[in-house]
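The structure appears right after this line, and notes come after that.
Each chain gets a letter, A, B and so on, in the order the sequences are listed, and its residues count up from 1.
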2 protein chains.
Amino acid sequence: MHILTAEDRTYYLEKYPIDDFFSFDINPYLEVCQFEKGEWIFQEGSFPDTLYYMIEGKAKLYMTHKNGKVSLIEYLEASRFMGEIELLNEARYTKGIQTVTKTICYSITQSCKEKLLADALFLRRLCVFLGEKATNMTSKYTQNQAYPFENRLAAFIQLSADQGVYKEKHTEICEYLGVSYRHLLYVLAQFCEERILEKRKTGYHILDEKRLSQLAQEIQ
Amino acid sequence: MHILTAEDRTYYLEKYPIDDFFSFDINPYLEVCQFEKGEWIFQEGSFPDTLYYMIEGKAKLYMTHKNGKVSLIEYLEASRFMGEIELLNEARYTKGIQTVTKTICYSITQSCKEKLLADALFLRRLCVFLGEKATNMTSKYTQNQAYPFENRLAAFIQLSADQGVYKEKHTEICEYLGVSYRHLLYVLAQFCEERILEKRKTGYHILDEKRLSQLAQEIQ
DNA sequence: TAAAAAATATGAGATATCTCACATTATTGT
DNA sequence: ACAATAATGTGAGATATCTCATATTTTTTA
């Protein structure tokens, strides 16, 4: 991680204004920083003392279980807070966040914690953010319980396909969707057999958009 | 639902003080109300305009899926907010909440919405509440992905057993834990076979606390 | 208190999903 | 450019979990 200064700082602050999040001047407490691809923003198990607001990039939220199994919980995309739970509760054991691409964040030191926690403007925005987070997590949880993998995969393919082509890394996606690598491949093969997808050098091409939607929409 | 007045109102407001949630006088906007067992606090799909704070009782949060399957998402217990998401976002489609026991709530009408959303004291408390909600949901989600039912059931039995006896209603618990009724019974039978539990008239008695903990603790 | 509804119980067979072992192909670091 | 590492692909057998059918018991309601 390194801190951007001068023109870079100004550039981002103008491109992604953040003043209206606060009713006081945040500038003295704010830095613009850049994480390289693959870098860890939070180490799992640490006690972070910085609030981030991601403005560009993409990252993965991880946690390791007692049994050694690792869950990829969520993809985090701009724009969003990170470390906000740790701001509210003292010294909380945190999950790991690793960038997927180069990522730009505003970092806000906890030296203005008091001010933040007394600022209705900021708190209101944080409430909305946390409310959405809770709602999203809840729906992810219930969908996972209520639908077989086939439907969830169809929904995910729709979501992540680019120009009708699905080409994500199996090793990541099976973690994300919470099934074994083997099973992911089985179901992809099954989709190919049913002529919903076709496997080519360039990725899995969607042949039967309608059928895929049907499988996916059983969810929403 | 009916509204409590006079002595009842005073009794609860003294037993569960709530003034320090707000930096203004909440009394004019507050009612104490009582829901009977089995009554619906929010109908699924409605657009509620009341914020509740449950002070006594227990309820269930439900949602119905497109495929007709119903998920029991969570047990809600005092003390906690209900309808807070709807306060933050306009007119939001809501999940259903049904009481399990007689339940007492403070109800706060949205006529003081502006005041609430400008009150740092209240917002800060709401943030903490929402943060916990999000964190809990996340860990429920990941545990569900990472552990077989056997472990989750062991954890749930530990949590809900009273004096070493587990006696929940199977029909509810299988929904809550997201497995079929049949499978729940299978695993309970298996626990009996392994002499971890013993089935009696009075419920399932825990015989092997140690082994149960072992199964459950693989989770935490 | 009888009838209706809900909850409990169990068997049998089908599917979804996992683990493990191993071979092949891409990608990356030096 | 080559070795090391990561990602892909497949088979076989084991388990976890589901669906459905049906019987019995308990609880609720008229």
Look at all strands and tell whether [X] reaches a base, only sugar-phosphate, or nothing, counting heavy atoms closer than 4.0 Å.
| X | answer |
| --- | --- |
| A:Ser180 | base |
| A:Phe149 | sugar-phosphate |
| B:Lys199 | sugar-phosphate |
| A:His183 | base |

Separation of atom [atom1] in [X] from atom [atom2] in [N], rounded to whole Å:
| X | N | atom1 | atom2 | value |
| --- | --- | --- | --- | --- |
| B:Lys201 | D:dT25 | NZ | P | 10 Å |
| A:Tyr181 | C:dA21 | OH | C1' | 15 Å |
| B:Arg182 | C:dA12 | CZ | P | 11 Å |
| A:Asn151 | D:dC18 | CG | C1' | 14 Å |
| A:Phe191 | C:dA16 | CZ | P | 11 Å |
| B:Ile173 | D:dT17 | CD1 | C1' | 18 Å |
| A:Leu185 | C:dA16 | CG | P | 17 Å |
| A:Leu184 | C:dA16 | CG | C1' | 14 Å |

Of all the choices, C:dC18, C:dT8, D:dT8, which nucleotide is nearest to the side chain of B:His170 once you look at every atom?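 Closest nucleotide among those given: C:dT8.
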Between C:dC18, D:dC18, C:dA9, which nucleotide gets closest to the side-chain atoms of B:Tyr186?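 Nearest listed nucleotide: D:dC18.
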A:Thr171 side chain near D:dT8 phosphate (N/O to OP1/OP2, under 4.0 Å):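 Yes, A:Thr171 has a side-chain N/O under 4.0 Å of OP1/OP2 on D:dT8.
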Which is it for B:Ile18 and B:Leu30 under the side-chain contact (heavy atoms from CB on, under 4.5 Å) test, yes or no, and what are the steps along the way? CA-CA 10 Å; B:Ile18 196 181; B:Leu30 181 149; 4.0 Å; yes
Between A:Ala189 and B:Val187, name the one whose nearest nucleotide on DNA chain D is closer to the 5' end.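 Closer to the 5' end of DNA chain D: A:Ala189.
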Picking from B:Tyr53, B:Phe129, B:Tyr29, B:Tyr106, what satisfies ring pair (Phe, Tyr, Trp, His ring centres under 6.0 Å) with B:Phe21?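 Result: among B:Tyr53, B:Phe129, B:Tyr29, B:Tyr106, B:Tyr53 is the only option passing the ring pair (Phe, Tyr, Trp, His ring centres under 6.0 Å) with B:Phe21.
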For B:Glu56, the option from B:Lys102, B:Lys15, B:Arg80 that meets salt bridge (charged side-chain N to carboxylate O under 4.0 Å, His left out):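 Exactly one candidate clears the test, B:Lys15.
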Is the terminal nitrogen or CZ of B:Arg152 (NZ for Lys, CZ for Arg) located under 6.0 angstrom from the six-membered ring centre of B:Phe156 and within 45° of that ring's axis?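 That pair does not qualify as a cation-pi contact.
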Please say whether the positively charged group of B:Lys58, taken as NZ for Lys or CZ for Arg, lies over the ring of B:Tyr75, i.e. under 6.0 angstrom from the six-membered ring centre and within 45 degrees of the axis.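 Yes - B:Lys58 lies over the ring of B:Tyr75, closer than 6.0 Å to its centre and within 45° of its axis.
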